[in-house]
Amino acid sequence: MLFALSKMQQAISRRVGVTVGASSGRVALQVRCMSRFTEVAQAPPDPILGVSEAFRASTSPSKLNLGVGAYRDEDLKPVVLSVVKKAEGKIFNRNENKEYLSIEGLEGFRKATVDLLLGAGHPAIKEGRVAVIQSLSGTGSLRVGAAFLARFQKGAAVYISNPTWGNHRNIFGDENVEWKYYRYFDADTVGLDFKGMMEDLKAAPPGSVVLLHGCAHNPTGVDPTPEQWNAIADLCQERNLLPFFDVAYQGFATGDLDKDAFAPRLFVDRGLEIMVSQSYSKNLGLYGERVGALCMVLKDKETATRVLSQLKRLARALYSNPPTHGARIAAEVVNDKELFDEWKAEMRGMAGRIERVRGELQRALERKYPDKDWSFITRQIGMFSFTGLTPAQVDNMTNKHSVYMTRDGRISLAGLNSAKVEYLADAIVDSVRNC
Ligand SMILES: Cc1ncc(COP(=O)(O)O)c(C=O)c1O
């Protein structure tokens, strides 16, 4: 009997993951204490979002968070734009329902988003050859794009700049889309390695995808000039490369929405088909609302119709329907002339504050450490400065001075104010001199 019970115990344990015991003549089932997920390894913290977690945990009174790319006002507080509050008021008064949006998203939002990208009345819009799907901000739009490439451009590798925003690798990698680097940043000139970039893209097999930052390159703050953009477009045409623009900072590079859309508009006007992910996180401050879109400008309306049907098919399985609230806000702001003008003024204000602290930081560093050339700080544009600090110097910035930043040496100037400029400059000088 005992022997039979032990055999039975083992068999049940193996098959259903429970331990069977005999006590006081009764058979007891005991659920195993060990999880079936014990083999799951701890994932490393995200290199960007992990910085904010470390910042929150710090008790230093002088701590400074220059890690995450989110705008702060002069008191270093998060900002809700005045146009967003006004739009929310209007939406509230309309007392709209909370039904599902269609898979492709809110109609007014989709129109607004394409208008922002190409300019209202652009021929590609009139010809109906833009496929646009509202998605989960820039990240979700990139992911839908990656899923589309995985399914319909099988085997094509995506070329991403070195360096780039850290999540690009995850997004394409998690869709099993092969990604490769092209050279982008020249540490000696603290500028664009245009020659290296062109060489690498020339060597990419025809049909490859090239991920390009539409403006305000993250993390370097270094963008191609208009002439260089033209040469990149030439190359894409000659080599049959598919440009995929990541437009996460429209309005943040120059404070002007149209100027910041120069590159994707140029490519479309030159007859190229392009993919574009767009985000309202930064320019409308809608970070947590997850508002964005994937746009594909295509050769003709018929292709756009088919492509959109497949984008919807992919989105349906990923998250089904996009969120309503943020899309209503963006549509309200962009489609209302008065709010739109007010938004542009607020955006100029945000871009202007960043530009001002850039200048202040450069001047402070020039005063404290005149032997080094700091002019790159005001040559770079957008939210970030790529300081050239090494990982050891970054560790010193964080451990000794409680300045939290990513280990690639990037600082978000949106997290800096005039009052903290001297403190930051001292920390940088100490790190450069002593580490
Ligand atoms: C280059 C780049 N692309 C895309 C994103 C995506 O942001 P979100 O998903 O909040 O729109 C970011 C955010 O930091 C970014 O820097």
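All values below were derived from every heavy atom in this structure, side-chain atoms included, with hydrogens, water molecules and symmetry-related copies excluded. Counting starts at 1 for both ligands and their atoms, following the listed order. Numbering of residues begins at 1 and proceeds along the displayed sequence.
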Residues 421-435, side-chain donor-acceptor partners within the protein, below 3.5 Å, at least two apart:
from	atom 1	to	atom 2	distance (Å)
E422	OE1	K368	NZ	2.8
E422	OE2	R367	NH2	3.0
Y423	OH	S62	OG	3.2
Y423	OH	H401	O	2.5
D426	OD1	K368	NZ	3.0
D430	OD1	K400	NZ	3.3
D430	OD1	N434	ND2	2.6
D430	OD2	N396	ND2	3.1
D430	OD2	K400	NZ	3.0
D430	OD2	H401	NE2	2.7
S431	OG	N396	ND2	2.9
S431	OG	A427	O	2.8
N434	ND2	D430	O	3.3

> Among all protein non-hydrogen atoms, which one is nearest to atom 10 (O) of ligand 1, and what is the separation to 0.1 Å?
Replying inline: S281 OG, 2.8 Å
> Out of K282, Q278, H217, R143, whose heavy atom is nearest to atom 13 (C) of ligand 1?
Replying inline: K282
> So which of S277, G166, S137, P219 gets nearest to atom 8 (P) of ligand 1, if we judge by its closest heavy atom?
Replying inline: S137
>> Among all the protein's non-hydrogen atoms, which is closest to atom 3 (N) of ligand 1, and how far away is it?
In response: D246 OD2, 2.6 Å
>> Please check if the number of heavy atoms outside R270 that lie under 6.0 Å from its CZ is greater than 12.
In response: yes
> Taking non-hydrogen atoms only, is T139 closer than 4.0 angstrom to ligand 1 via side chain, backbone, both or neither?
Replying inline: both
> What about the rings of F109 and Y280, do their centers lie closer together than 6.0 Å?
Replying inline: yes
> More than 12 non-hydrogen atoms from neighbouring residues, nucleotides or ligands closer than 6.0 Å to CZ on R379, yes or no?
Replying inline: yes
> Do any nitrogen or oxygen atoms of Y249 lie less than 3.5 angstrom from nitrogen or oxygen atoms of ligand 1?
Replying inline: yes
> Is any N or O atom of G138, backbone or side chain, closer than 3.5 Å to an N or O atom of ligand 1?
Replying inline: yes
> Which residue pairs pass the salt bridge (Lys or Arg N to Asp or Glu O under 4.0 Å) test with at least one member in residues 142-156, sequence neighbours excluded?
Replying inline: R143-E175
